Each structure stands twice: as C-alpha cells, then as structure tokens.
Amino acid sequence: VEKEAEWHAHQDWAVPNEYLYKAVRHNLSATNGPRSKGRNGTVSGWLPALESDYYPDGDERPPQALWRIKFDDPNTAPADLDLQELEAALAARAEYEEALLP
C-alpha cells in the first residue's frame with residue numbers, strides 16, 4: 001500500500017483493495033450545520049473490518065471496514081468512510097464527471 005496509507009503500513013493485512021485509488025465525491029457535514037458542497041478526492045487507504053473496531057450507530061453486528069479519503073483540496077482533512085458511504089461517494093463522483101461532459 002502506498003505511503004498515503006501510512007496509518008496501516010507494514011501490517012500483515014495491508015494489501016491492495018479494489019477501491020484503492022478510486023476517485024470519489026463526498027459531502028462533508030459541519031457539526032450541527034448544513035452539508036457542504038461535494039468535495040473530490042481519492043481512496044488512499046483502507047482498514048479491514050477486523051482491524052477497524054468501527055460499529056456504526058452502536059450496532060452490535062460485526063465491525064465494518066473503513067476507507068480513508070484524501071481530498072484534492074489540501075486544506076480539507078481526510079475522511080474515513082464505511083462501505084455504504086464509499087459506494088455513495090463513488091456514485092456521486094461518476095454523476096459529477098458525467099455532468100461535466102458536453
């Protein structure tokens with residue numbers, strides 16, 4: 001895995017993932033505020049479910065994997081998305097790029 005994913009470099013499970021380096025568009029939300037415009041970025045790393053210890057909404061199901069998004073704007077902090085959020089971000093980027101076509 002590239003150095004962008006240093007948060008899990010040198011781990012036995014740090015292997016390529018089908019979503020690494022994919023382009024995404026994700027809406028960031030401010031605390032207690034409206035959602036911002038979409039931000040373009042790239043999937044720069046991932047944390048498998050067994051390593052993530054991420055349980056959305058306090059769910060008791062098994063933990064979920066997380067994907068690290070590095071945004072094109074260097075002033076925007078990275079975000080960690082679960083699979084549902086990642087799939088939405090991939091679809092949003094495809095729609096965004098399609099809208100740019102003449």
Side-chain angles (χ1 to χ4, degrees):
V1 177
E2 298 294 323
K3 68 179 182 175
E4 294 295 336
E6 70 275 356
W7 52 297
H8 68 232
H10 310 297
Q11 298 294 323
D12 292 339
W13 46 261
V15 296
N17 178 275
E18 66 182 295
Y19 297 112
L20 283 177
Y21 314 114
K22 299 280 185 176
V24 298
R25 186 167 178 84
H26 181 61
N27 289 328
L28 303 173
S29 58
T31 304
N32 299 322
R35 294 183 74 77
S36 72
K37 289 187 195 178
R39 304 279 173 109
N40 291 334
T42 305
V43 179
S44 65
W46 76 295
L47 192 60
L50 294 177
E51 297 290 330
S52 77
D53 198 29
Y54 171 65
Y55 299 87
D57 302 320
D59 199 338
E60 294 182 13
R61 292 181 292 170
Q64 293 187 17
L66 294 171
W67 284 264
R68 171 65 52 99
I69 306 304
K70 182 177 179 185
F71 294 100
D72 296 350
D73 177 355
N75 296 316
T76 302
D80 295 328
L81 307 182
D82 63 26
L83 183 58
Q84 183 178 356
E85 293 169 320
L86 177 63
E87 289 174 341
L90 289 164
R93 181 63 180 255
E95 290 174 15
Y96 172 78
E97 290 181 0
E98 187 174 312
L100 293 177
L101 296 175

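All heavy atoms count here, side chains included; hydrogens, waters and symmetry mates do not. None of these values were measured; they are calculated from a predicted model.
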Any side-chain donor near an acceptor of the partner, Arg39 and Thr76, under 3.5 Å: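 A pair is found: one side chain offers a donor N or O, the other an acceptor, under 3.5 Å apart.
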Under 3.5 Å side-chain donor-acceptor pair for Trp67 and Asn17: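 Indeed, the side chains of Trp67 and Asn17 share at least one donor-acceptor pair under 3.5 Å.
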Check: Asp82 main-chain N/O paired with Glu85 side-chain donor or acceptor under 3.5 Å: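 Here the side-chain-to-backbone pair exists.
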Main-chain N/O of Gly38 paired with Asn27 side-chain donor or acceptor, under 3.5 Å: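 Yes: the side chain of Asn27 pairs with the backbone of Gly38.
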Thr42 side chain near Lys22 side chain, heavy-atom distance below 4.5 Å: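 They are not in contact (no side-chain heavy atoms under 4.5 Å apart), so the answer is no.
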Any Ile69 side-chain heavy atom under 4.5 Å of Val43 side chain: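 They are in contact (side-chain heavy atoms under 4.5 Å apart), so the answer is yes.
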CG (Leu100) with more than 12 external heavy atoms under 6.0 Å: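 Counting neighbours around CG of Leu100, more than 12 heavy atoms of other residues, nucleotides or ligands fall under 6.0 Å, so yes.
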Candidate pair Leu28 and Phe71, rule side-chain contact (heavy atoms from CB on, under 4.5 Å), full reasoning: CA-CA 11 Å; Leu28 303 173; Phe71 294 100; 3.7 Å; yes
Least distance between heavy atoms, Arg93 atom then Gly41 atom: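 For Arg93 versus Gly41, the nearest heavy atoms are NH1-O, 3.6 Å.
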side-chain contact (heavy atoms from CB on, under 4.5 Å) between Val24 and Leu86, worked out: CA-CA 8 Å; Val24 298; Leu86 177 63; 4.0 Å; yes
Stacked cation flag Arg25 on Tyr96, 6.0 angstrom / 45 deg: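 Verdict for Tyr96: a cation-pi partner in Arg25.
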What is the distance from atom [atom1] of [X] to atom [atom2] of [Y], rounded to the nearest 0.5 Å?
X	Y	atom1	atom2	answer
Arg68	Leu81	CZ	CG	10.0 Å
Leu47	Asp80	CG	CG	8.0 Å
Trp46	Leu83	CH2	CG	11.0 Å

